Amino acid sequence: MEVVIVPDARTGGELIAAAIGRLLSHKPDALLGVATGSSPLPIYEALTAKVRAGEADPSRARICQLDEYVGLPPGHPESYRSVVLREVVEPLGLTESSFMGPDGSAEDIEGACAAYDRALGEAGGVDLQLLGIGTDGHIGFNEPCSSLASRTRIKTLTEQTRVDNARFFDNDIDQVPHHVITQGIGTILEARHLVLLATGEGKAEAVAQTVEGPVAALVPASALQLHPHATVVVDEAAASKLKLADYFRATYAAKPAWQGL
Ligand code: F6R
């Protein structure tokens, strides 16, 4: 696992946007897996700035979603489909036709999960999957004790995650859905490159367990240790509980982890 410690979220966003720009320059129709929530926003801002400056061309890129709430009415502003369209697809000048995601309002949710998992494979697989991390160590919405081999399926959110996400729903936990569709951990691990961005002290414990703890279903993000190309970008606050922080700094200074992407 590559661990890159950056001074702040903005720098992390720029570093990751640069990697996406390089991916697009050698694979213009790359399938980019996007996450939602607060963490990846600096990436989308930096990528949009690069595109506007003519430094990256996403015109043939394809975008796919990591997870989705179940039961929000279509078009709800906090459905992840709406969020991805607003934060990623539109700013990059793309249209809905370059975008795929699971249908959280389907009558047959199990069928929708299986169809989405299949569609990702048929699209050639995800080239670079962006990830955030929950305070409880989840990736996507694979909550603690998710199977490390899981596929796209319906999951129940923990109380902690619903509390964390209430800020997107007028700080009213009752509005936060209980259920979600999420790519499984096995599905996520099939992406060619995993890039997790975590910022702030609230993520420090989850980051330390992900990077330095054992691979355990209790900390779903620790499954990144099983991936041959996983990069974890953290700001100083999120890195504050890493025992090997100095080693990671020295390693990155000696040979930038992003080289050769
Ligand atoms: C959302 C997702 C989640 C979030 C995580 C952190 O698509 O995949 O795993 O990344 O809940 O959320 P923030 O970034 O808002 O702290």
Side-chain angles (χ1 to χ4, degrees), residues 6 8-10 12-13 16 32-46 63-70 72 76-89 99-102 104 113 116 120 126 128-146 150 152-169 171 173 176-189 191 194-207 209-210 217 219-224 230-235 237-238:
V6 292
D8 49 40
R10 190 164 155 254
I16 296 169
L32 177 65
V34 295
T36 45
S38 311
S39 306
L41 296 178
I43 307 171
Y44 306 143
E45 279 161 27
I63 308 289
C64 66
Q65 213 172 316
L66 184 57
D67 41 22
E68 180 58 282
Y69 290 114
V70 168
L72 290 181
H76 187 289
E78 292 307 326
S79 78
Y80 283 165
R81 181 178 188 89
S82 298
V83 172
V84 172
L85 289 173
R86 192 167 65 231
E87 306 285 359
V88 186
V89 174
F99 168 69
M100 57 199 277
C113 293
Y116 186 55
L120 291 170
V126 177
L128 189 154
Q129 177 65 55
L130 298 172
L131 298 167
I133 185 170
T135 53
D136 62 4
H138 69 230
I139 47 170
F141 276 131
N142 294 282
E143 296 285 31
C145 291
S146 290
S150 50
T152 302
R153 69 215 182 290
I154 187 167
K155 286 292 288 182
T156 304
L157 294 178
T158 61
E159 191 68 3
Q160 178 65 56
T161 299
R162 293 183 65 243
V163 167
D164 288 346
N165 285 9
R167 68 191 194 282
F168 298 111
F169 293 86
N171 286 315
I173 191 172
V176 183
H178 286 269
H179 297 108
V180 288
I181 293 176
T182 181
Q183 284 189 34
I185 297 176
T187 316
I188 292 170
L189 290 177
L194 300 177
V195 181
L196 186 150
L197 176 62
T199 53
E201 208 182 336
K203 301 292 174 68
E205 185 58 40
V207 166
Q209 289 188 32
T210 295
V219 184
S222 65
L224 266 64
T231 306
V232 174
V233 180
V234 282
D235 69 357

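Counting starts at 1 for both ligands and their atoms, in listed order. Source: prediction; values computed, not measured.
Counting heavy atoms from C-beta on, the side chains of Ser146 and Arg153 come closer than 4.5 Å. Counting heavy atoms from C-beta on, the side chains of Arg81 and Glu68 come closer than 4.5 Å. Using a 4.5 Å heavy-atom cutoff, the side chains of Thr182 and Ile139 are not in contact. Between Leu157 and Glu143, some side-chain heavy-atom pair lies under the 4.5 Å cut-off. Proximity of Leu120 to Cys64: side-chain heavy atoms (C-beta onward) are separated by under 4.5 Å at one or more points.
Among Ile133, Val180, Val34, the residue whose heavy atom lies nearest to atom 6 (C) of ligand 1 is Ile133. Among Gly137, Ala35, Ser38, the residue whose heavy atom lies nearest to atom 13 (P) of ligand 1 is Ser38. Taking all heavy atoms of Gly33, Gly140, Gly37 into account, the minimum distance to atom 9 (O) of ligand 1 is reached by Gly140.
Here the protein heavy atom with the shortest distance to atom 2 (C) of ligand 1 is Asp67 OD2, 3.3 Å. The nearest protein atom to atom 10 (O) of ligand 1, hydrogens excluded, is given as Gly132 CA, 3.2 Å; this is a heavy-atom distance. Considering only non-hydrogen protein atoms, atom 16 (O) of ligand 1 sits nearest to Lys203 NZ, 2.7 Å. What sits closest to atom 14 (O) of ligand 1 on the protein, heavy atoms only, is Ser39 OG, 2.4 Å. Nearest to atom 11 (O) of ligand 1 among the protein's heavy atoms is His138 NE2, 2.7 Å.
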From CA spacing to verdict: side chain to side chain contact (heavy atoms under 4.5 Å, CB included), Phe99, Leu85: CA-CA 8 Å; Phe99 168 69; Leu85 289 173; 4.0 Å; yes
Thr36 and Val84: CA distance, side-chain angles, deciding distance, side chain to side chain contact (heavy atoms under 4.5 Å, CB included) verdict: CA-CA 7 Å; Thr36 45; Val84 172; 3.6 Å; yes
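Considering backbone and side-chain N/O of Tyr80, none are found under 3.5 Å from N/O of ligand 1. By the 3.5 Å distance cut-off applied to N or O atoms, Asn165 is not counted among the residues near ligand 1. Distances between N or O atoms of Ile139 and those of ligand 1 include no value under 3.5 Å.
Taking the six-membered ring where the residue is Trp, the centroids of Tyr69 and Phe169 are separated by under 6.0 Å.
Nearest approach of Pro220 to Ile185, heavy atoms of both residues: CB-CD1, 3.8 Å. Listed here is the closest heavy atom pair of Thr135 and Ala206: O-CB, 3.9 Å.
Here Thr36 has heavy atoms under 4.0 Å from ligand 1 in both its backbone and its side chain. Proximity of Arg167 to ligand 1, defined as any heavy-atom pair under 4.0 Å, is confined to the side chain (atoms from C-beta onward).
For ligand 1, the atoms closer than 4.0 angstrom to any heavy atom of Leu66 are 8 (O).
The closest approach between a heavy atom of Gln65 and any atom of ligand 1 is not below 4.0 Å.
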